[in-house]
Amino acid sequence: MKDKVIIYQVFNRLFGNPNTTNKFNGTIVENGCGKFSAFTTKALDEIRSLGCTHIWYTGVIEHATRTDYSAYGIAKDNPNIVKGNAGSPYAIKDYYDVDPDLSNDVPNRMKELENLIKRTHKAELKVIIDFVPNHVARQYKSDAKPKGVVDLGANDDTMVNFDPQNDFYYIHNEELKLQFPMQFPKEKYKEKPAKATGNDCFHAYPSVHDWYETVKLNYGVDYQDFGHHHFHPTPDTWVKMRDILMFWAAKGVDGFRCDMAEMVPVAFWEWVIPQIKEHFHQIIFIAEVYNPTEYHNFIRHGKFDYLYDKVGLYDTLKEISKGYKPASAITGCWQSLGGIDNKMLNFLENHDEQRVASEYFLGDPLKAVPALIVSSTINKGPFMVYFGQELGEKGMDCEGFSGRDGRTSIFDYWNPTTVSSWYNDGKCNISALSKEQQELRKIYNRILVICNEEASIRKGEFYDLMYVNYHNITFNPEKQYAYIRKYEKEMLLIVTNFDQKDVDIAINIPMHAFEFLNIREGATLNFTDLCTGDTITRELSSSVPFRISVKAFSGVMMKCFLIE
């Protein structure tokens, strides 16, 4: 692959929403909804020019909602088991259909998505969508399934709690009794026998804190019998989910972000991913996995291309940026991965996490610049930007089901003002942005483009310089982090400063770095800061510390061309 994978995650429902007046807990009529058509050629070209290589369209597959589409032959959902007016994009109602909210003409919704995929490819971007394998909406019913496909659960034996060939788990002879008041008491919902929830609630009394709107899929693991596996013969759910992946891959999708992949047995992934890749060679699979002890298992046996690096690098950078951990803690992140750091997807924001600019994180998006540089350049793995992140979106709205929590709602119809200002009635430019937003976007643009332009970052070696600078009186390992990226005759010295003040520092570079990276010692070279274009001349030596100035909440990427 020519470029480093840079993923731009967009939440389709909120992107390009033409409505400018947000109403708390508003309906689709009141607050409007972004459409597939909002991703015009202009919008996609601008996303590509930002430095992105892939776009992750979040919330494409049809999910449960309180909006009534029964006039179009789509089964209506009981509102008591739907979170928010728009519903969770991870409570899938039909794996073979798209969210009708996102179409201009509901009967032609699939065609509109197919056209979007074509536009995206024409803009030289690859398409990623969610694959939600662990759970479905409580009232799952496919209205659009291909001929011959049997619905999930249609042939289940509901008289038993578990059967290897059942698609769902049941609580035999018990009725579902949600442990919170019904918001719509007139809309009765009855489920008997009750089904287990997506967060492994194997009883009939889920609370408001459970994933009560979902039903867990059965991959042949009997969780009530010490997790005993029943993988032979192949469980029915495995076959159905493989066919669903094949269906979307055939639409031109280039990758799947697999929601809560760690809640599905690795054996399934080991079975299914090679089958998909046999037919679609370039397709990528990204796993949402939060248990570090399982990382190697999901890479080696599960066959995933990339895993979320949430509990490692993301959590560490968040703590460093807030002043709760030293910058030197970054070293432990890559060391703990045992050589799979290039298989980790790095990010500072996604739909589950608090916005960098929110009052719950940093309050000021510019304070995240050093974390941005580290996260995007520390290894060859992919980096992800969540829409509006490059504009300083705060996520501090109180939209409805989603309270004022520093996140952009995934359950409500809403219009993030930063994204709307950039979209600018389809102009997709910076003219309606504030000076601060324009400057932040330029910073993101420059760093992401550097990730793609520089061979040292795309495919170069990495060398951590911290171990020889812990006792360096001109360097503060609490606030600065330094490392080298090198490929052939190109080298980058990257230094980030998490401090609120500008610093003048001198960095020790050990002899081992010259030997490991095959760099000639003692040469006097010209260095250019890729972030600013400023140039300096320095001797590259293990005996002469490298002097550099770094501004507050910033970083430098000093590039030089090595000599023989």
Side-chain angles (χ1 to χ4, degrees), residues 59-65 73-78 81-82 87-100 110 129-172 176 189-202 204 206 211-223 230-231 233-251 256 258-261 263-265 267-269 271-272 275-276:
V60 165
I61 299 178
E62 184 187 334
H63 58 80
T65 177
I74 299 172
K76 185 179 178 181
D77 297 293
N78 188 293
I81 52 170
V82 176
S88 168
Y90 296 100
I92 301 299
K93 186 168 74 173
D94 188 347
Y95 278 117
Y96 289 101
D97 208 349
V98 298
D99 180 6
M110 184 63 78
I129 67 168
D130 289 288
F131 174 57
V132 187
N134 177 67
H135 50 266
V136 296
R138 285 216 166 262
Q139 291 181 297
Y140 182 88
K141 177 179 171 54
S142 177
D143 302 309
K145 59 183 179 291
K147 186 177 181 180
V149 172
V150 178
D151 251 351
L152 288 161
N155 294 331
D156 280 6
D157 179 359
T158 61
M159 300 300 290
V160 296
N161 288 347
F162 170 79
D163 185 286
Q165 296 302 320
N166 275 357
D167 295 322
F168 301 128
Y169 295 93
Y170 298 90
I171 296 90
H172 175 58
L176 180 72
Y189 178 72
K190 183 173 183 180
E191 181 179 297
K192 187 175 182 180
K195 304 181 188 75
T197 66
N199 67 320
D200 295 354
C201 177
F202 289 95
W211 302 352
Y212 64 83
E213 82 281 21
T214 68
V215 174
K216 187 172 181 68
L217 287 167
N218 172 12
Y219 285 83
V221 180
D222 190 349
Y223 291 95
H230 300 265
F231 298 158
T234 303
D236 180 71
T237 304
W238 289 28
V239 176
K240 287 178 177 174
M241 300 309 276
R242 177 198 62 192
D243 293 345
I244 290 164
L245 284 167
M246 287 287 193
F247 172 83
W248 289 105
K251 295 286 183 186
F256 295 99
C258 300
D259 183 72
M260 296 308 299
M263 298 184 76
V264 174
F268 166 71
W269 300 114
W271 176 83
V272 75
Q275 293 185 63
I276 306 302

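Rounded to the nearest 0.5 Å, atoms CG (D200) and NE2 (H135) are 11.0 Å apart. Rounding to the nearest 0.5 Å gives a distance of 9.5 Å between NE2 of H172 and NZ of K192. One finds the OG1 atom of T234 at 6.0 Å from the CH2 atom of W271 (value rounded to the nearest 0.5 Å). The CG atom of N134 lies 7.0 Å from the CG atom of L217; values are rounded to the nearest 0.5 Å. Remark: D222 CG to H230 NE2 distance equals 5.0 Å, nearest 0.5 Å. A distance of 7.0 Å separates CG of N161 from CD1 of I171, quoted to the nearest 0.5 Å.
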Please lay out, stage by stage, how M260 and W211 fare under the test side-chain contact (heavy atoms from CB on, under 4.5 Å).
CA-CA 13 Å; M260 296 308 299; W211 302 352; 4.0 Å; yes
Which is it for F268 and F231 under the ring-ring contact (aromatic ring centres under 6.0 Å, His included) test, yes or no, and what are the steps along the way?
CA-CA 9 Å; F268 166 71; F231 298 158; 9.6 Å; no
Intermediate values then yes/no, salt bridge (Lys or Arg N to Asp or Glu O under 4.0 Å), D151 and K141
CA-CA 7 Å; D151 251 351; K141 177 179 171 54; 5.1 Å; no
Check the pair N166, V160 against side-chain contact (heavy atoms from CB on, under 4.5 Å), reporting the backbone distance first and the verdict last.
CA-CA 9 Å; N166 275 357; V160 296; 4.0 Å; yes
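A pairwise comparison of heavy atoms in R242 and I276 identifies O-CD1, 3.9 Å as the closest pair. Closest heavy-atom contact between P100 and E62: CD-CG, 4.1 Å. For the residue pair T214 and G198, the shortest heavy atom distance occurs at OG1-N, 3.0 Å. Closest of all the heavy-atom pairs between P89 and G59 is CB-CA, 3.7 Å. Of all the heavy atoms in E213 and A91, the pair that sits closest is CG-CB, 3.9 Å. Across A144 and D94, no two heavy atoms sit closer than the pair N-OD2, 3.1 Å.
Annotation: side chain of Y96 is in contact with side chain of D243 (closest heavy-atom distance under 4.5 Å). With contacts defined as side-chain heavy-atom distances shorter than 4.5 Å, the pair R138/N78 does not qualify. Using a 4.5 Å heavy-atom cutoff, the side chains of D259 and F131 are not in contact. Residues M263 and K216 are in side-chain contact: their nearest non-hydrogen atoms beyond the backbone lie under 4.5 Å apart. The closest side-chain heavy-atom distance from Y95 to V136 is below 4.5 Å. In this structure, the side chains of W269 and V272 come closer than 4.5 Å at one or more pairs of heavy atoms. Side-chain contact check for K93 versus Q139: every heavy-atom pair is 4.5 Å or farther apart. Taking 4.5 Å as the limit, every side-chain heavy atom of M241 sits out of range of all side-chain heavy atoms of V264.
Listed for the T237 side chain is a donor-acceptor partner under 3.5 Å among the backbone atoms of N218. Between the side chain of Y219 and the backbone N or O of A267 there is no donor-acceptor pair closer than 3.5 Å.
Side chains of Y90 and D130: a donor-acceptor N/O pair is present below 3.5 angstrom, by distance only.
Relative orientation of the F162 and Y169 rings is parallel, given thresholds of 30° and 60° on the angle between their planes.
When the shell of 6.0 Å around NZ of K240 is examined, it contains more than 12 heavy atoms from other residues, nucleotides or ligands.
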Result block: side-chain N/O donor-acceptor pairs under 3.5 angstrom for residues 152-159, not counting sequence neighbours:
residue : atom : partner : partner atom : Å
D156    : OD1  : D167    : N            : 2.8
D156    : OD2  : D167    : N            : 3.2
D156    : OD2  : F168    : N            : 3.1
D156    : OD2  : Y170    : OH           : 2.7
D157    : OD1  : M159    : N            : 3.0

